[in-house]
Student: 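Handing you a structure now.
Naming: A, B, ... by sequence-line order, numbering from 1 per chain. Computation of the quantities below employed the complete heavy-atom set of this structure, encompassing side-chain atoms and omitting hydrogens, waters and symmetry-equivalent molecules.
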Amino acid sequence: MSADLPLPEPKSLHFIEEIVEADRVEGKHGGRVLTRFPPEPNGYLHIGHAKSICLNFGLAKAYGGATNLRFDDTNPAKEDVEYVDSIREDVRWLGFQWQSEHYASDYFPIFFDYAEYLIQQGKAYVCDLTEAEIREYRGNFHVPGRPSPTRERAHEENLDLFRRMKAGEFPDGARVLRAKIDMLSGNMNLRDPLMYRIRRDHHHRTGDAWCIYPMYDYAHGVSDALETITHSICTLEFEDHRPLYDWFLEQDVEGRFFQRPLPRQIEFARLNLTYTVLSKRRLLQLVQDGAVRGWDDPRMPTLCGLRRRGYTPESVRAFAERVGVAKRDMVADVGLLAFCIREDLEKRVPRRMAVLRPLKVVITNMTDAEAFEVELSNHPEDTTLGTRKLPFTRELFIEGDDFREEAPKKWFRLAPGAEVRLRGACLVTCREVVKDAAGNVVALRCEWDPASKGGNAPDGRKVKGTLHWVSAAHALKAEVRLYEPLFTREDPMAVAEGEDWKALLNPESLQILTEARVEPSLGAALPGERFQFERLGYFAVDPDSRPGAPVFNRTVGLKDSWSKIEAKQ
RNA sequence: UGGGGAGUAGCCAAGUGGUAAGGCAGCAGGUUUUGAUCCUGCGUACCGAGGGUUCGAAUCCUUCCUCCCCAACCA
C-alpha cells in the first residue's frame, strides 16, 4: 500500500442510509434491501418525485438490493392509465429499472381476505354512520372521539355486512369498514380509521369488479408487507400515520399473511423548489387553466417538462443527490438545478453559433470573392467532438445585444468605432450605424482587417470582445423559445389573505423568438438533440421542430457576469 | 389545555461531548478567440433563546420560543 494514495473520503451517511446500514449490520432482513416507489397514477411525475425515486432506487442499489414500482391505485375516481404510462416512462427516463411492477389493485382480493380476518379477530367493524356523523363522532384536537353505535357489533354480523358491502347490496357511502383502534387517541389517525368505502367507480384496471375500495392507510402497509419491502420510504406528512401502518401489520398475530420482519416506514422531507409549485393538484390546475401548454410544457417542473426543456436524467439525478436527505422542511434553490444541468451539458454538448435577435453587419471593405471558410472546434476542451466548417461572408448577422450605440463602462462588445473579434473569423471595426426612419438601428457597416483572418492580428493588438455570428446568406431561420420561472415569487404558495396564487404567475415566463438565425447544420437537428449556442446558453430541439424549420428550447442560459457588472453600474 | 415532527451562514447539509465538513449562491483575482468553462482565494455561522452539567457542549439535562404536519368515505 502506497502511503501517498489519496485516503478514501469517508462519505457521511444520511439518516436513512444509517438505518439501512444498522439493519444490515444487525442482519435484520438477512442483508436484504427492497424498497419501492409507490405513486398514485393521478398525475405526472415531477422533480419532487425524482428525489424520492433517486432515494429509493439509489439506496437499494447501494446495498445490493432492488426496488419495486407500485401503483397505489386505490382511488379510481382520480386515476387513469394515461398517468400509469407516463410514470413508467419517466422512471425509465431517469435511468432506473424496477425489479417488478405491481398495482395495489392486484392485491384487492388479499386486502379483502385480511379485512375479513381482522373482522373475525374483532379488530374491524362495519360502521353505519354517515360521512358527516363519522366526522362528528371522531371529535377534534380538543374533543375526544365517541364510539360509533355499531362499534361493538358481533363479529359474525360485521362479516356478513362486509361481504354484502362487497356484493353491492348497499348504496355508495352507506357503510364503511373501520379499524377498531382508539377513539380517544391524540393521534386522529387512530380514531377508528376507515379501511373500506363503497364507491361504484370504474377502475382503470379492475373495471367494475369491485364496488368497495380500500383506503391508503390500510392498503399501503399491507402492499409493502406482501411484497416483503424492507424499508418503506415516504414523506414527512405520513409521520403520524406510522403507528397505523404498524398496527395494521401487527394484527396478523398468527403470521398468516405477512413474513417477518415487517417493513419499516421511514419519513423524509419532501422537495420544494423556489419559483414553482410542486403539488399534483396545482400542476393539474395550471394545465387545466391553460396557464401552460400541457404537462410537458418546458416551464413545468414535471419530468416530462424538464425533459422537453432539455434537462438530462444525469442532471436531475445530480440535483437529487446534492439537495440531500433529511427531515427538515426544505426549499431548494432553482439555481442549484440550473447549476446541475450546466455542469452536465458543459462537458458533453457540441457548440454552435446562433443569433437570437439578428442585427445585420455588412463588411464594407470585403468583396464576395474574399468570403472564406472557418473551421471551428465543436468543443473547446474535448477535441473528440471534432470540428465543423462555417462560411464567412461580407454580410452577417450578429446578436442585437452585442451592439450599443453608447458603450457603457467595461463594454467589450461592439460600438461605433470599436473593434471586436468575430469568433474564429477575423477582427472587425464598426464604422457606421444604419438606422431606419424611426431611428432604430437596422444594420452596421464595418471594416475587417484581412490580416486578422483566424481571429488574431499580426501586430499582436488585443481585442477583448469575441462575438458569435452567422453568415446572412447561409443562416437558417429558426424559432427559439426562452423560458423564465413560472412564478414571480420564490414561494408562490405564500399568498396573502385574499390573494390568488395564480395571480403570481409570471407573464413573461415564455418568450418566443421567430427571427433567430442558426448555423446551416442545425437544420438537420433532431428533437431532443442538445447544443450550446456559444455565449447564449444550452438549447434543446423541441418536438415541434420540422426539417429545415427547427425549434429550440433554451434549457438554461450560460452564467452571465456581464449582466452583473452592468447591474452594479 | 391534543398528537406528531423540525430548528447549524442567503439556500441545502455534515457533525452523535474535544473546540463548526462540503455543495449552490455571493465576493475578489488569474487563465481564456464563449464576459462560458477552468484555477486560486474569501464567510469571525452569538450552531433558535435562556439556564444547567462538564476541564470542555451544536452535541447531555432543563425551561422557553419559532416553524411544519394531522380533525377527506384523498394519497
Side-chain angles (χ1 to χ4, degrees), chain A residues 9 11-14 18 38-40 42 72-75 77-79 127 129-131 134-135 138-145 172-178 184-191 194-199 212-213 215-217 219-220 234-243 267 269 274 280-281 321-340 342-343 346-347 351 353 376-377 379-381 410-413 421-425 427 454-456 463-468 490 532-537 557-565:
Chain A
E9 196 69 25
K11 189 194 174 282
S12 66
L13 304 177
H14 58 66
E18 276 175 1
E40 181 186 16
N42 67 343
D72 233 330
D73 55 351
T74 56
N75 183 7
K78 293 188 183 175
E79 298 152 8
C127 178
L129 258 25
T130 65
E131 189 172 347
I134 287 178
R135 190 178 318 123
R138 187 152 41 213
N140 58 45
F141 298 151
H142 306 292
V143 177
D172 285 9
R175 291 179 218 264
V176 294
L177 183 71
R178 290 230 248 172
L184 300 178
S185 175
N187 181 348
M188 301 296 291
N189 295 116
L190 266 22
R191 318 248 265 227
L194 274 56
M195 292 172 62
Y196 271 96
R197 73 282 213 183
I198 304 174
R199 188 125 109 189
I212 57 172
Y213 290 96
M215 303 289 291
Y216 164 85
D217 283 306
H220 199 91
C234 62
T235 44
L236 251 26
E237 65 269 30
F238 292 103
E239 225 153 5
D240 49 18
H241 290 237
R242 196 187 330 129
E267 312 85 12
T274 54
K280 283 188 198 168
R281 199 183 117 238
E321 188 64 37
R322 282 173 192 261
V323 293
V325 176
K327 297 193 73 161
R328 180 156 51 135
D329 291 325
M330 57 90 79
V331 186
D333 193 329
V334 269
L336 181 61
L337 223 206
F339 168 82
C340 290
R342 281 195 201 105
E343 179 190 46
E346 150 64 27
K347 59 180 189 288
R351 291 352 54 154
M353 291 211 286
L376 281 179
S377 165
H379 194 288
E381 268 108 45
K410 295 190 179 169
W411 180 256
F412 301 158
R413 284 117 95 149
R421 175 165 35 236
L422 294 181
R423 173 119 230 234
L427 267 26
N456 284 314
V463 170
K464 279 195 161 175
T466 300
L467 311 186
H468 57 282
E490 257 194 35
Q532 183 199 89
F533 290 172
E534 294 213 31
R535 302 211 306 131
L536 297 174
L558 256 27
K559 268 181 80 175
D560 180 9
S561 53
W562 162 247
S563 68
K564 282 180 200 162
I565 294 170

Student: Rounding to the closest angstrom, what is the interatomic distance between B:G22 and B:G30 at atom C1'?
Tutor: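 Roughly 24 Å separates the two C1' atoms.
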Student: Provide the distance between the two C1' atoms, one in B:C12 and one in B:A6, to the nearest whole Å.
Tutor: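 Looking at atom C1' only, B:C12 and B:A6 are 15 Å apart.
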Student: Whole-Å distance between B:A13 P and A:E18 CD?
Tutor: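 Atom CD in A:E18 sits about 15 Å away from atom P in B:A13.
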Student: Which of the following nucleotides, B:C12, B:A72, B:U34, is nearest to the side chain of A:R138?
Tutor: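 Of the options given, the side chain of A:R138 lies nearest B:A72.
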Student: Is A:D560 close to A:K564 at the side-chain level, that is, under 4.5 Å between some pair of heavy atoms?
Tutor: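 No; the side chains remain at least 4.5 Å from each other.
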Student: Nearest 0.5 angstrom please: A:D217 CG to A:H241 NE2, how far?
Tutor: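 Rounded to the nearest 0.5 Å, the CG-NE2 separation comes to 5.5 Å.
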Student: Does B:U34 have OP1 or OP2 under 4.0 Å away from a side-chain N or O of A:R351?
Tutor: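 Negative; the distance criterion is not met.
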Student: Kindly give the atom pairs (protein nitrogen or oxygen, nucleotide nitrogen or oxygen) under 3.5 Å for nucleotides 24-32 of chain B.
Tutor:
unit_1: B:G26; atom_1: OP1; unit_2: A:K564; atom_2: NZ; d: 2.6

Student: Do A:L236 and A:E239 make a side-chain contact, defined as non-hydrogen atoms from C-beta onward lying under 4.5 Å apart?
Tutor: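 Yes, at least one pair of side-chain atoms sits under 4.5 Å.
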Student: On a whole-Å scale, what distance lies between the C1' atoms belonging to B:C60 and B:U53?
Tutor: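 Result for the C1' pair: 8 Å, nearest Å.
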Student: Between B:G7 and B:A28, how far apart are the two C1' atoms, rounded to whole Å?
Tutor: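 My reading of the C1' atoms in B:G7 and B:A28 gives 33 Å.
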Student: If you assign each of A:P380 and A:A326 to its closest nucleotide in RNA chain B, which residue comes earlier from the 5' end?
Tutor: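 On the 5' side of the pair lies A:A326.
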Student: Are any of the side-chain heavy atoms of A:K464 and A:K410 separated by less than 4.5 Å?
Tutor: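 A side-chain contact is absent here, since even the closest heavy-atom pair is not under 4.5 Å.
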Student: Planes under 30° and centres closer than 5.5 Å, is that true for A:F141 with the base of B:C70?
Tutor: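 A:F141 ring centre within cut-off of B:C70 base, planes near parallel; stacks.
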Student: Quote, to the nearest angstrom, the P distance that separates B:G5 from B:G18.
Tutor: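 Going atom to atom, P in each nucleotide, I get 27 Å.
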Student: Nearest to the side chain of A:T466, heavy atoms from C-beta on, is which of B:A14, B:A75, B:U34?
Tutor: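 My answer, after comparing the listed nucleotides, is B:U34.
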Student: May I ask you to say what A:H468 touches in the nucleic acid, namely base, sugar-phosphate or nothing, with a heavy-atom cut-off under 4.0 Å?
Tutor: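 Result for A:H468 = nothing.
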Student: Closer than 4.0 Å, any side-chain N/O of A:R197 to the OP1 or OP2 of B:C74?
Tutor: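 True: A:R197 side-chain N/O within range (under 4.0 Å) of B:C74 OP1/OP2.
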Student: Taking the minimum atom-to-atom distance to the side chain of A:M215, which one of B:C73, B:C70, B:G15 wins?
Tutor: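 In terms of side-chain proximity for A:M215, the closest of B:C73, B:C70, B:G15 is B:C73.
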Student: Distance check needed: B:C11 P versus A:L337 CG, whole Å only.
Tutor: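 Rounded to the whole Å, the gap is 18 Å.
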Student: Under 4.0 Å: is that the gap between some side-chain N or O of A:S185 and OP1 or OP2 of B:G2?
Tutor: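 No, A:S185 has no side-chain N/O under 4.0 Å of OP1/OP2 on B:G2.
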Student: Taking the side chain of A:Y216 as its heavy atoms from C-beta onward, which of B:A75, B:A14, B:G5 lies nearest to it?
Tutor: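 Within the option list, the nearest is B:A75.
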Student: Given side chains that start at C-beta, do those of A:D333 and A:E490 come closer than 4.5 Å, heavy atoms only?
Tutor: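 With C-beta onward as the side chain, the pair stays apart.
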Student: If you look at every strand shown and take non-hydrogen atoms under 4.0 Å, does A:D172 touch a base, only sugar-phosphate, or nothing?
Tutor: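 It contacts nothing in the nucleic acid.
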Student: Atom CE of A:M188 and atom C1' of B:G2: how far apart are they, to the nearest Å?
Tutor: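 Value for this atom pair: 9 Å.
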Student: Is the shortest heavy-atom distance from the side chain of A:R135 to the side chain of A:L129 under 4.5 Å?
Tutor: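 They are not in side-chain contact.
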Student: Which comes earlier along RNA chain B counting from the 5' end, the contact point of A:E346 or that of A:A332, where each point is its nearest nucleotide?
Tutor: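 Result: A:A332.
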Student: Would you call A:K280-A:E40 a salt bridge at under 4.0 Å N-O?
Tutor: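 A salt bridge is absent here (no side-chain N lies under 4.0 Å from a carboxylate O).
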Student: For A:V463, answer base if it contacts any base atom (sugar-phosphate contacts may also be present), sugar-phosphate if it contacts only those atoms, and nothing otherwise; contact means non-hydrogen atoms under 4.0 Å.
Tutor: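 Answer is nothing: A:V463 stays at 4.0 Å or more from every strand.
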Student: Nearest whole Å is fine: how far is B:G3 C1' from A:L190 CG?
Tutor: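 The distance from CG of A:L190 to C1' of B:G3 comes to 10 Å, rounded to the nearest Å.
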Student: Take atom P in B:C69 and the same atom in B:A45, then report the distance between them in whole Å.
Tutor: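 Result for the P pair: 31 Å, nearest Å.
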Student: Does any part of the side chain of A:M188, heavy atoms only, come nearer than 4.5 Å to the side chain of A:F141, both counted from C-beta?
Tutor: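 Of all side-chain heavy-atom pairs linking A:M188 with A:F141, at least one is under 4.5 Å.
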Student: Indicate, with a heavy-atom threshold strictly under 4.0 Å, whether A:K280 touches base, sugar-phosphate, or nothing.
Tutor: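 The residue A:K280 makes no contact with any strand.
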Student: Describe the nucleic acid contact of A:E343 in one word from base, sugar-phosphate, nothing, applying a heavy-atom distance below 4.0 Å.
Tutor: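 If one applies the 4.0 Å heavy-atom cut-off, A:E343 turns out to touch nothing in the nucleic acid.
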Student: Name the nucleic acid region contacted by A:L129, choosing base, sugar-phosphate or nothing; use a 4.0 angstrom heavy-atom cut-off, strictly under.
Tutor: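 Answer is base: heavy atoms of A:L129 come under 4.0 Å of a base.
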Student: Regarding A:E267, tell me which of base, sugar-phosphate or nothing describes its non-hydrogen contacts under 4.0 Å with the strands shown.
Tutor: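 Answer is nothing: A:E267 stays at 4.0 Å or more from every strand.
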Student: Looking at every strand, decide which applies to A:E131 at a 4.0 Å heavy-atom threshold: base, sugar-phosphate, or nothing.
Tutor: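 Base contact.
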Student: Should A:Q532 and A:L558 count as side-chain neighbours, where that means a heavy-atom distance under 4.5 Å?
Tutor: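 Touching, per the 4.5 Å side-chain cut-off.
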Student: Work out how far the C1' atom of B:G23 is from that of B:U16, and round it to whole angstrom.
Tutor: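 My reading of the C1' atoms in B:G23 and B:U16 gives 22 Å.
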Student: Reckon A:F238 touches a base, only the sugar-phosphate, or nothing at all at heavy-atom distances under 4.0 Å?
Tutor: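 A:F238: base contact, heavy atoms under 4.0 Å.
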Student: Whole angstrom is fine here: how far is it from CG in A:N42 over to C1' in B:A72?
Tutor: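 Rounding to the nearest Å, CG of A:N42 and C1' of B:A72 are 14 Å apart.
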Student: What nucleotide, of B:A71, B:C70, B:C74, holds the atom closest to the side chain of A:N75?
Tutor: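 Nearest to the side-chain atoms of A:N75, counting from C-beta on, is B:C74.
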Student: Measure the acute angle between the ring planes of A:H220 and A:Y216, then classify it against the limits of 30° and 60° as parallel, tilted or perpendicular.
Tutor: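 The rings of A:H220 and A:Y216 sit tilted, inter-plane angle from 30° to 60°.
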Student: Using the rule given for side chain to side chain contact (heavy atoms under 4.5 Å, CB included), can you reason through A:M215 versus A:V176, listing the C-alpha separation, both sets of side-chain angles and the distance that settles it, and then say yes or no?
Tutor: CA-CA 10 Å; A:M215 303 289 291; A:V176 294; over 6 Å; no
Student: Starting at CG of A:L376 and ending at P of B:U34, how long is that distance when rounded to a whole Å?
Tutor: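 Spelled out: CG on A:L376 to P on B:U34 is 11 Å.
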Student: What form does the base of B:A25 take, syn (within 90° of 0) or anti?
Tutor: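 It is anti.
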Student: Suppose we screen for side-chain hydrogen bond (donor to acceptor under 3.5 Å, both in side chains). Which residues come up paired with A:E267, at least two apart in sequence or across chains?
Tutor: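 Partners of A:E267 under the side-chain hydrogen bond (donor to acceptor under 3.5 Å, both in side chains) test: A:R242, A:Q265.
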Student: Would the base of B:G3 count as contacting A:D240 through its side chain, where contact means a donor and an acceptor less than 3.5 Å apart?
Tutor: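 A donor-acceptor contact between them is present.
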Student: Looking at B:G5, B:A75, B:C12, which one has an atom nearest to any side-chain atom of A:K327?
Tutor: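 So the side chain of A:K327 is nearest to B:G5.
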Student: Measure CD/A:E381 against C1'/B:U34 and give the value in whole Å, please.
Tutor: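 Whole-Å distance recorded here is 11 Å.
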Student: Using a heavy-atom cut-off of under 4.0 Å over every strand shown, decide if A:L536 touches base, sugar-phosphate, or nothing.
Tutor: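 The answer is nothing, as A:L536 stays clear of every strand by at least 4.0 Å.
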Student: What does A:T130 touch in the nucleic acid at a heavy-atom separation under 4.0 angstrom: a base, only the sugar-phosphate, or nothing?
Tutor: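 The answer is base, as A:T130 lies within the cut-off (heavy atoms under 4.0 Å) of a base atom.
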Student: Pairs counted only when both distances fall under 3.5 Å, Watson-Crick or G-U: show me the 5' to 3' dot-bracket for RNA chain B, [ ] for pseudoknotted crossings and | for other-strand partners.
Tutor: .(((((((.[[[..)..(...]]].(((((.......))))).....[[[[[..)....]]]]])))))).....
Student: Hey, does A:R199 reach any base, or is it just sugar-phosphate, or nothing, if we go heavy atoms under 4.0 Å?
Tutor: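 Touches sugar-phosphate only.
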Student: Backbone N or O of A:R423 within a donor-acceptor pair of the A:T466 side chain at under 3.5 Å?
Tutor: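 No.
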Student: Could you measure the distance from the CD atom of A:E346 to the CZ atom of A:R351? Nearest 0.5 Å is fine.
Tutor: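 Result: 4.5 Å between the selected atoms.
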Student: Could you tell me how far B:G48 sits from B:C39 if I compare only their C1' atoms? Round to whole Å.
Tutor: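 Going atom to atom, C1' in each nucleotide, I get 39 Å.
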Student: When the distance from CD of A:E237 to C1' of B:C69 is rounded to whole Å, what number comes out?
Tutor: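 So the CD-C1' distance, A:E237 to B:C69, works out to 8 Å.
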Student: Hey, does A:R413 reach any base, or is it just sugar-phosphate, or nothing, if we go heavy atoms under 4.0 Å?
Tutor: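 If one applies the 4.0 Å heavy-atom cut-off, A:R413 turns out to touch a base.
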